[in-house]
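The block underneath contains the structure these notes are about, expressed in structure tokens.
Lettering follows sequence order; numbering is per chain, from 1.
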Amino acid sequence: MANVLVCIKRVPETSGQILLTDDEQAVDARHVGWTVSAHEECAIELATQVAGATGGTSTVLTVGSSDAVEQLRGALAVGCDSAVLIEADTATYGPADVAAAIGDVVSAHEANGTTYDLVLLGNDAADTGDFQVGVRLAALLGRPVVTGISACAVADGVIVARGEGPEGTEVFELPPPAVVAVMEGGVSPRYPSIPGRMKAKRAPIETVSPQREPAGHGRVRWKLPPQQPSSVEILGTGPEAAPAVVDLLEELGVLSR
Amino acid sequence: MTAAGVGVLVETDGHGATLVSREALTFARELAGGQPVHAVVVGPLDADVEDALLPQLGEQGVAMLHHATADGLGAYSAAAWAAAAVDVVTRASVRALLAAGTPRGNEVMAHAAVRLGVAMAANVVAADGVDPLVVSRQVVGGTVLEEMRLDDAVAVLSVAGHALDPAPAASPTEPEVTAFTPTLSEADLVARVVRTEVGAPDESAALGSARVVVGAGRGAGSADGFKDLVSLTELLGGVLGVSRVVTSLGWRPHHEQVGQTGSRIAPDIYIPCGISGAIQHWAGCSSAKTILAINTDPEAPMVTRAHYAVIGDLHEIVPAINDEIRRRRG
């Protein structure tokens, strides 16, 4: 039996045009909506798979404002058993602060008898892209950690994690409890069912307050790279453009290879 | 900051230092401002890799190669690699430690930052100021830049792939090689690679260093719609890269994905076919030197941001290009 904790983050949906807030500290999400990153959608799927396969539980957790309940309910709708909101104004949080807040909850739950054999996170947040919360959390908890993992299972009391390395699929075998940061690509996140959504709507959310003041981040400001005006040269329309394309490839010297 | 050198974790492949590691060395040399650059390589090195590596490090102006060897370093473990890198921070009294912004580079720098009790800046593209150190780094998948202040005693950062070219130093060096045994604990080796399964070739490494990339998006139409695109890729000696929708639909494997959650590419030419050019995809391909878009929609972002474009159906245009290439080659 493996109890799994999966940590997610409410982030702006950024598939369209990106605007920044007036204080240049974040993406202005007023008109674009919110989501969780693709890595975390896969982490949620892995959490429910591991819990299901081992007869354990899956708990979803986030550090954020009360609005992040929307993302917690989204995870409950696709199979997580329970949810925890660490309610905080994360504008002043750095990655070490997020890790500390999660670590405190893991320790508190452990003191109450719930041990998380596996803690899953996304490899990097889709907005702040820090690539380190999982490693910092593991250090605080004194647990082994691997990042960049696309598939994960628990068999015979060992966590088997797989990720793409420079020479092929790398396999790690970790003794629980351990921390694993997940990358998109190994599993397909499921869609919520209607009964799943109904159940998620009514599910209780455990809400806790962070135990310490954040140390902060080094962010000075966010800025958008300058937009270049279009200078595209249309070589033609349809298959008749093929000679012009090959002329260009010859000119660029890529045809001789 | 007081004057002191900069340490760089260097990743190797069969040809010596990887392209992105050489980019990181160039970044380090500029950051060091005349102070020595120390390269760190962890684990056993084949003789031919070392032979290729040393001149590359010399070209980058590296003063010293610190080669960490120990039992247990034969297999990758981020904690052990970080232990070695942190040892070099002390041995060489460097004021900054960096790596390429690869999965391993980011993972090892995160461990190193924890050990040093400092912040870490991922995917840095430029140093905006030196005292205090302020860097610009990629956030939101590379579509936004963050100015971040790093005022710890040791700055730990990763350098985003293809943010700069690996330029040779004005005066090349002959790096001194020093082998050392890092201080490892048993815990450093728990999360290590126990085996590597070589299955279908993983193109993600090849994509990152390819000089020609042919891209395919939703316009391919189905899993069967890639034949002509693969032919064009082969005719150009390039690598195929695809958009996220293509991997999400299961048409092509995830390791071929270019974009925010896939590979970052910087080829001489990128030929995106049937790719509209969502921001997430643009984040992965904007470092291409020339972009030739093939798309039915002249208003698609990929077309308006490209250098060249052909308007029309890729299933008609790509076979015609393939035929024309074959005809000219006789």
When A:Ala181, A:Ala126, A:Pro12 are compared by non-hydrogen pairs under 4.5 Å with chain B, the top option: A:Ala126
Evaluation steps, side chain to side chain contact (heavy atoms under 4.5 Å, CB included), between B:Arg326 and B:Leu235: CA-CA 8 Å; B:Arg326 292 193 190 100; B:Leu235 284 166; 4.1 Å; yes
Portion of A:His217 that has a non-hydrogen atom of chain B nearer than 4.5 angstrom: neither
Most contacts with chain A, counted as non-hydrogen pairs under 4.5 angstrom, among B:His281, B:Arg104, B:Lys289: B:Arg104
Minimum heavy-atom distance B:Ser185-B:Asp188, with the two atoms named: N-OD2, 2.9 Å
Test item: B:Glu147 and A:Arg219 side chains (from C-beta on) under 4.5 Å apart, heavy atoms: no
Residue pair B:Gln138, B:Arg264: steps toward the side chain to side chain donor-acceptor pair (under 3.5 Å) verdict: CA-CA 12 Å; B:Gln138 295 174 338; B:Arg264 310 279 172 94; 2.7 Å; yes
Positions in residues 90-99 of chain A that reach chain B, provided some heavy atom is under 4.5 Å away: none
Winner by heavy-atom pair count (cut-off under 4.5 Å) against chain A, out of B:Ile311, B:Val114, B:Thr247: B:Ile311
cation_pi(A:Arg162, A:Phe172) dist<6.0 Å, angle<=45: no
Pick from A:Leu20, A:Asn123, A:Asp130, A:Val27 with the largest number of heavy-atom pairs that fall under 4.5 Å of chain B: A:Asp130
Selection from A:Val246, A:Leu249, A:Leu248 maximising heavy-atom pairs under 4.5 Å formed with chain B: A:Val246
Rounded distance [0.5 Å steps], OG1 in B:Thr261 versus CD in B:Gln257: 4.0 Å
Among B:Arg137, B:Arg328, B:His307, residue most engaged with chain A (heavy-atom pairs, under 4.5 Å): B:Arg328
Distance in Å, A:Ser231 OG paired with B:Arg305 CZ, rounded so as to fall on 0.5 Å steps: 12.0 Å
Chain B contact via A:Leu174 - which portion, at a heavy-atom distance below 4.5 Å: side chain
Top contributor to chain B contacts, counting heavy-atom pairs under 4.5 Å, from A:Asp124, A:Thr14, A:Val146: A:Thr14
Under 4.5 Å from a heavy atom of chain B, the part of A:Glu250 involved: side chain
